[in-house]
Amino acid sequence: MSINIAIDGPAGAGKSTIAKKLAEKLGYVYVDTGAMYRAMGCYFTDLHIGQEDTGAMSRFCRDAKIEIAYRDGEQQVILNGENVNHRIRTEEAGLMASACAKVKEVREKLVELQQALAKKADVVMDGRDIGTHVLPDAQVKIYLTASTAVRAKRRYDQLLEKGTPCVLEDVEKDIIARDHQDMNREISPLRQAEDAYFLDTSEMSVDQVVEQIAGLAERAVLKH
Ligand code: DC
């Protein structure tokens, strides 16, 4: 049986940075599920489907072929044959991802892909519903968060580092809007699984968080 580590939490909590480092340390595969919703969002944008048009999303999502590949250990998302990794990291793509993540048919399609990946290999998977819905039997579940101000500043620094001009207040507003949408949708809203460890990373370094989760993983693996 493969070992699954589920990491959920709001936007900007540091999930992908932590999950990637943790996967490297443990020799597991990192699965970024947000990237799949972002790719689906790109697909709808290309079709000129607006954020509010959930009816069109549920009809058209079946024609989107989303595949995952790995290059130099980095996850690549392939949308209908095109590698869209370079397109999915904008704030707009994040908002569109959050909008289409409300749609039942979109979620069913992507959850199926996520569960298949977790069956094949030991994974660290991050997202919003991994511990509650995608991998309910994961051996380790983490709910990672940080204050809104800290999350906005981290996201802002990341965007500037990539050369994307932005305003801190706007980034914070986007994060609040996305949290609201992700926590209040009908299907698989973001919430802490009952058996998840709660970690507030506002005052923690990346290495401290990785060490803490790696310790939990070690104990969980020994138990199995
Ligand atoms: O983690 P991220 O910022 O890349 O995710 C983008 C959006 O995708 C997020 O706002 C909500 C949605 N999402 C989701 O609903 N379920 C997941 N497992 C992962 C992401």
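Order of listing sets the numbers, starting from 1, for every ligand and every atom in it. Because the structure is predicted, anything quoted here is derived from the model rather than measured.
- Listed by number with element, the atoms of ligand 1 under 4.0 angstrom from any heavy atom of Arg178 are 3 (O), 5 (O), 6 (C), 7 (C), 9 (C), 10 (O).
- For ligand 1, the atoms closer than 4.0 angstrom to any heavy atom of Ala101 are 12 (C), 15 (O).
- Considering only non-hydrogen protein atoms, atom 19 (C) of ligand 1 sits nearest to Thr33 OG1, 3.3 Å.
- Judged by distance alone, with hydrogens and angles left aside, the side-chain atoms of Asp126 form no donor-acceptor pair with the main-chain N or O of Asp8 at under 3.5 Å.
- Between Tyr37 and ligand 1, not a single N/O pair is under 3.5 Å apart.
- Salt bridge absent: Arg185 and Asp129 never bring a charged side-chain N and a carboxylate O closer than 4.0 Å.
- By the salt bridge (charged side-chain N to carboxylate O under 4.0 Å, His left out) test, Asp53 pairs with no residue at all, sequence neighbours left out.
- Residues near Tyr30 contribute nothing to a hydrophobic cluster around it, because no ILVMFWY side-chain heavy atom sits closer than 4.5 Å to its side chain.
- Contacts between Arg107 and ligand 1, counted as non-hydrogen atom pairs separated by less than 4.0 Å, involve the side chain only.
- With a heavy-atom cut-off of 4.0 Å, Arg185 touches ligand 1 through its side chain alone.
- The proximity of Arg38 to ligand 1, defined as any non-hydrogen pair under 4.0 Å, is limited to the side chain.
- For ligand 1 and Gly127, the ligand atoms under 4.0 Å from any heavy atom of the residue are 17 (C), 18 (N), 19 (C).
- At a cut-off of 3.5 Å, with distance as the only test, no side-chain donor of Arg178 or Gln181 sits close to an acceptor on the other residue.
- Remark: the Arg191 side chain and the Tyr143 side chain contain no N/O donor-acceptor pair separated by less than 3.5 Å.
- Close N/O approach between Arg155 and ligand 1 is not found [any backbone or side-chain N/O within under 3.5 Å].
- In terms of polar-atom proximity, Lys15 is not counted as a contact of ligand 1, lacking any N or O under 3.5 Å from an N or O of the ligand.
- A donor-acceptor distance shorter than 3.5 angstrom exists from the side chain of Asn85 to the backbone of Gln75, with no hydrogens or angles considered.
- Of the polar atoms of Asp32, none of the N or O atoms is found under 3.5 Å from an N or O of ligand 1, judged by distance alone.
- Close contacts between ligand 1 and Ser98 involve ligand atoms 7 (C), 10 (O) [criterion: under 4.0 Å to a heavy atom].
- Using a 4.0 Å cut-off between a side-chain N of Lys or Arg and a carboxylate O of Asp or Glu, Glu105 and Arg107 do not qualify as a salt bridge.
- At the shortest separation from atom 1 (O) of ligand 1 among protein heavy atoms lies Arg128 NH1, 2.9 Å.
- In this structure, a donor-acceptor pair under 3.5 Å is present between the side chains of Asp200 and Ser202.
- Between atom 5 (O) of ligand 1 and the options Gly41, Pro189, Gly34, Ala97, the minimum heavy-atom separation is to Gly34.
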